[in-house]
Amino acid sequence: MLDDLNEEQRGAATASMHRPAVVLAGAGTGKTTTVTARLAWLVDEGLAPDRLLLLTFTRRAAREMVHRARQRLGPRSGGTVVGGTFHSVAHRLVRFHAEQLGLHESFTILDPSDAADLVDVVREDLGCADGTRRFPRKTTLVDIYSRTVNTQRPLSDVLTTWFPWCSDCCESMAEVFRTYVAEKRRLGLLDFDDLLLYWAALVGDDRTGRHITSRFDHVLVDEYQDVNAIQVAITDALAAQHRGLTVVGDDMQAIYSFRAADPSHLTDFPSRHPDAQVLRLECNYRSTRPILELSNTLAERARPPVRRRLRASRPGGCRAELVRCRDEAGEATAVADAIVALHEEGLALREQAVLVRTAHHSDLLELELARRHVPFVKYGGLRYLDTAHVKDFLAALRAASNVHDTPSWFRLLQLLDGIGPARARRIIDELACADVNLADAWPTPSVPESAREAGSRVLRAIRPSHEVRAGAHAELVLHAIEPLIRARYPHDTSRLDDLRELAAAASGFVQLVDFVSDLVLDGPRSSGDLAGPPHLDDDYLVISTIHSAKGLEWDAVHVLRVTDGAIPSDMALSDSTGLDEERRVFYVALTRARRVLRMSAPDRYYHRPNGRDDAYGYTKLSRFLDAAVLEHADTIRSAEPDPLAPAALGASPPSRRVEIDLDALWR
DNA sequence: GTTGGCTCGATTTTT
DNA sequence: TCGAGCCAAC
């Protein structure tokens, strides 16, 4: 079982299960293989698979590792390893213990944009934004709230450290957050952070805590460099009794500090657990030597320094290339050319990826690829759950699973003719005062004639007279709101197709509330993602933000916009830790490549991405590409053929001399 | 109160 | 380009 592991990996896989272990695993050192092997080894040592808990960063990672561990063990293992993201495991636990936590049994989960909207309502109600002084916007407020909760530090500290420009609003902000917390509780709503908080509370409780922790013999945590203080508290508590805790991570790949993650949780692990075993994986199996040397050189500049230096194990390989292009359009052309050329050489599209710092960096390339009929799937960036029509439908589904979910009712009611924010609010208040079911008391006096019929239809779908399963329920709701969506977004049939796909996905669930929670916690990354990859046997390219590409690898990787302002992002430059993190983001991008690494950088950029004017500025190459790093890459200038060049026009020009004559003008 | 038309401004990364 | 916020007409 351990034969195909190297010495380092075997040591990590078979480290004592009675003491905490921390595995410092560099990029491409076979981390997944090692975790998989450890799971299998633990089972082989006598632990039951379903008494192992695997916490990963994405569900994809959890599924893959559990699957591979089962393959490794073969048929003899009974049961399955319990795996998932922190949030999905938290969700399941909190639902089981809802009553004990004083929560509505059918609580719904707020996605981040709903949370922002609710904060915005509170902000309005309290009159914080009276226009006389600057008060943070809703998304900033949510960031501050989340940072405070996840670092478990007082608001005033958080403000002075990360948001100094609004520390004079501390008082009123505290009031907003107090009200926000109370409102969530009153309405049976939990945001993402609440899931972790309640989980921490459960394991922290004397009796329930013992009950939950006794459920597992060993806990494994992947990507530990990206955990925050609450997640540390949870995992430490889970392992307090049996001491079976394995954490795996790479501080050079810590790229989530904006979410209150702190890589020092990884690096300080041995001081928190003095009996911890420390294991290192430093032999890289992924990238060819030239690519690894480039990324190693970048890693040497990391702050705080990371002392590991990855050893190459793959011989040969060609050097990375830096392609300078005239502008962003030239970059799109050059990258599309390269992708097609590699494909011609026999490299499947699915073995290639395009990585970008922010989602819109690939806009032009996407157009270019569409023009050339190159299929691709894009990950990261704006979720399709955030589009207006999906939010409308989701609001209806949420209202159907939790009658108290006022924000959803607020949105849903406004889809009806003649109901705007004021009436929606009044209707909700009237029904809440009457202390009756919103659905049963309809219509109230405030409901205008124009909204009665459509409204009744929607409500009948939301509260069907007989018991229905999630799939059928979602179909009912969709059917009822379809005319409203049609009226609101005219000549757009693709929106309804999206919703039909979504409704179809509900059939995999019994309870609607489970479907809705699942959607919010691990929603589709793109429309079409619900049905899985577009055509499973089809070959397609991946375009991804660097963040979403973490943990993945491809034969060829194309990194776009390697210019200052993009990589590093100019949003991150206000302090030096931001710059340090951007360096790691770049490092993550480079280390995704197995044998071909192409970076591209346009010389000029247009101020308006899609504007008609031609104001542009000149870019500077990314500051991360200093001379020592560039030693390991070949810089080439992309040749952009001019369609007016004689060669492009076909025949070679006649050699006759052509002159101009202006003499007639001077008479 | 609602709705549609208008201008203006801002734009990371994600469970 | 897209959304948020403002204004005027119904």
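Since the model is a prediction, treat every value here as computed from it, not as a measurement. A note on names: the letters A, B, ... follow the listed sequences, proteins ahead of strands, and every chain is numbered from 1. Excluded from the calculations below are hydrogen atoms, water molecules and symmetry mates; all remaining heavy atoms, backbone and side chain alike, are included.
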* Residue-phosphate contact under 4.0 Å: A:Arg425 side-chain N/O, B:dG1 OP1/OP2 -> no
* Asked: Is the ring of A:Phe258 stacked on the base of B:dT13, with centres less than 5.5 Å apart and planes under 30° off?
  -> yes
* Regarding A:Asp193 and A:Ser146, is there a side-chain donor-to-acceptor distance under 3.5 Å anywhere? -> yes
* To do: Could you pull out all residues at least two apart from A:Phe216 that satisfy ring-ring contact (aromatic ring centres under 6.0 Å, His included)?
  => none
* Structure fact -> A:Lys391 NZ to C:dG3 C1', in whole Å, measures 11 Å
* To do: Name the nucleic acid region contacted by A:Ile419, choosing base, sugar-phosphate or nothing; use a 4.0 angstrom heavy-atom cut-off, strictly under.
  => sugar-phosphate
* Asked: With side chains defined as the heavy atoms from C-beta onward, is the minimum distance between A:Ile144 and A:Phe177 less than 4.5 Å?
  -> yes
* With a 4.0 Å cut-off on heavy atoms, is A:Arg584 in touch with a base, just the backbone sugar-phosphate, or nothing at all? -> nothing
* Asked: How many Å lie between CG on A:Leu579 and P on B:dT13, as a whole number?
  -> 18 Å
* What is the nucleic acid contact for A:Pro448, judged by heavy atoms within less than 4.0 Å: base, sugar-phosphate only, or nothing? -> nothing
* Asked: Would one find a side-chain N or O of A:Ser548 under 4.0 angstrom from OP1 or OP2 of B:dT14?
  -> yes
* Distance check: side-chain N/O of A:Thr545 vs OP1/OP2 of B:dT14, anything under 4.0 Å? -> yes
